[in-house]
Amino acid sequence: MSAYEPNSRQLREVLIFCFNMKKSAAETRRMLSNTYGETTISERTCREWFQRFKNGDFDVEDQYGGRRKVFEDAKLETLLDQDSCQMQQELSGSLEVTQQAISKRLEVMGMIQKQGNWVLYELKPREVERRLFACE
């Protein structure tokens, strides 16, 4: 067994090579486990990747794998306080998370976009009071 341990992306590239060599998922898994150890990759994972390759998807980047970076609502609120006009894509880039994560957090926080600005869907009592004062 080798002291070198390939990362997930490298293993997927090897899977593409074996797929193109017309190896089966089981045979590929055996070759990898003989070379890198039993815990390298499961046969089920090999089969799933081979199915993707059969469907024409040769992208080996992590799309869903692993847990995404967790962020605090406070960081999102800070960004919105600095500039409430930011789009979800900009916020996701700043926090290095997916746009879907931003969308879900904004929904949970009760924020909606009105006239290009993120605002609370329901105003806090302080905001209602401030608006009444501004109207007077």
Side-chain angles (χ1 to χ4, degrees):
M1 182 167 59
S2 173
Y4 170 75
E5 291 185 27
N7 62 34
S8 297
R9 179 180 163 70
Q10 293 165 333
L11 283 172
R12 293 176 198 142
E13 290 170 346
V14 170
L15 290 176
I16 289 176
F17 174 77
C18 292
F19 175 80
N20 287 329
M21 294 291 296
K22 307 291 187 218
K23 303 285 184 192
S24 69
E27 188 177 3
T28 300
R29 197 282 179 182
R30 275 193 301 276
M31 290 181 347
L32 289 171
S33 65
N34 289 341
T35 306
Y36 299 114
E38 285 295 317
T39 59
T40 301
I41 195 168
S42 69
E43 188 173 333
R44 178 179 180 190
T45 301
C46 283
R47 283 194 310 266
E48 289 170 356
W49 280 99
F50 272 47
Q51 187 60 48
R52 284 187 188 188
F53 302 153
K54 285 178 187 173
N55 293 334
D57 181 8
F58 291 94
D59 184 14
V60 294
E61 294 297 327
D62 281 324
Q63 293 175 347
Y64 318 102
R67 197 170 158 207
R68 296 287 183 188
K69 182 179 175 185
V70 177
F71 67 96
E72 299 292 326
D73 287 346
K75 292 179 184 177
L76 180 57
E77 287 176 4
T78 302
L79 285 174
L80 290 173
D81 287 342
Q82 291 171 358
D83 181 9
S84 64
C85 297
Q86 295 183 67
M87 302 299 288
Q88 288 184 14
Q89 293 84 356
E90 296 171 43
L91 294 168
S92 67
S94 298
L95 294 172
E96 298 177 355
V97 296
T98 63
Q99 187 254 326
Q100 291 83 2
I102 295 294
S103 178
K104 287 178 186 174
R105 294 313 311 153
L106 288 169
E107 184 178 338
V108 168
M109 292 167 59
M111 303 290 279
I112 60 171
Q113 198 168 33
K114 288 204 175 194
Q115 297 179 345
N117 292 314
W118 289 101
V119 295
L120 287 172
Y121 181 70
E122 292 186 25
L123 296 176
K124 294 179 181 176
R126 186 182 88 223
E127 291 294 320
V128 172
E129 185 177 312
R130 191 184 79 166
R131 287 185 182 196
L132 286 173
F133 180 73
C135 289
E136 291 176 349

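Residue numbers run from 1 in the order of the sequence given. No hydrogens, no waters, no symmetry mates; every other heavy atom, side chains included, goes into these values.
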Interatomic distance, [X] atom [atom1] to [Y] atom [atom2] [nearest 0.5 angstrom]:
X: E13; Y: L11; atom1: CD; atom2: CG; value: 9.5 Å
X: I112; Y: L106; atom1: CD1; atom2: CG; value: 11.0 Å
X: S84; Y: M111; atom1: OG; atom2: CE; value: 8.0 Å

Contact check, side chains of [X] and [Y], non-hydrogen atoms, under 4.5 Å:
X: I41; Y: T28; answer: no
X: T35; Y: T40; answer: no
X: S94; Y: Q86; answer: yes
X: V60; Y: L15; answer: no

Query - Enclosure of F17 CZ (heavy-atom neighbours >12, cutoff 6.0 Å) - result: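 Check fails, neighbour count at 12 or below.
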Query raised in the report: Quick check: are there more than 12 heavy atoms from other residues, nucleotides or ligands sitting under 6.0 Å from CD of E129?
Result: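 Result for CD/E129: open.
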Query raised in the report: Does R130 have any side-chain hydrogen bond (donor to acceptor under 3.5 Å, both in side chains) partners at least two apart in sequence or in another chain, and if so, which?
Result: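 Counting only residues at least two positions away or on another chain, R130 forms a side-chain hydrogen bond (donor to acceptor under 3.5 Å, both in side chains) with E127.
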Query raised in the report: Out of curiosity, does W49 fall in the hydrophobic cluster containing M31 (side-chain heavy atoms, cut-off under 4.5 Å, transitive links)?
Result: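 No; W49 is not reachable from M31 via cluster members.
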**Report entry** L95-M87 co-clustered via ILVMFWY side chain contacts under 4.5 Å
**Finding:**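 No, L95 and M87 fall in different hydrophobic clusters.
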Query raised in the report: Counting only N and O atoms by type, is there a donor-acceptor contact under 3.5 Å from the side chain of S103 to the main-chain atoms of Q100?
Result: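 No, because the side chain of S103 does not come within donor-acceptor range (under 3.5 Å) of the backbone of Q100.
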Report task. Output yes when R52 and E48 qualify as a salt bridge under the 4.0 Å nitrogen-oxygen rule, no when they do not. Result ->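 Judged by the 4.0 Å cut-off on N to carboxylate O distance, R52 and E48 do not form a salt bridge.
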Report task. State which residues pass ring pair (Phe, Tyr, Trp, His ring centres under 6.0 Å) with F19; sequence neighbours excluded, sorted by chain then number. Result ->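 With sequence neighbours excluded, F19 shows a ring pair (Phe, Tyr, Trp, His ring centres under 6.0 Å) to F50, F53, given in chain and number order.
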Query raised in the report: Any salt bridge (charged side-chain N to carboxylate O under 4.0 Å, His left out) pairs touching residues 25-37, not counting sequence neighbours?
Result: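 Checked against salt bridge (charged side-chain N to carboxylate O under 4.0 Å, His left out) - neighbours excluded - the pairs reaching residues 25-37 are K23-E27, R29-E38.
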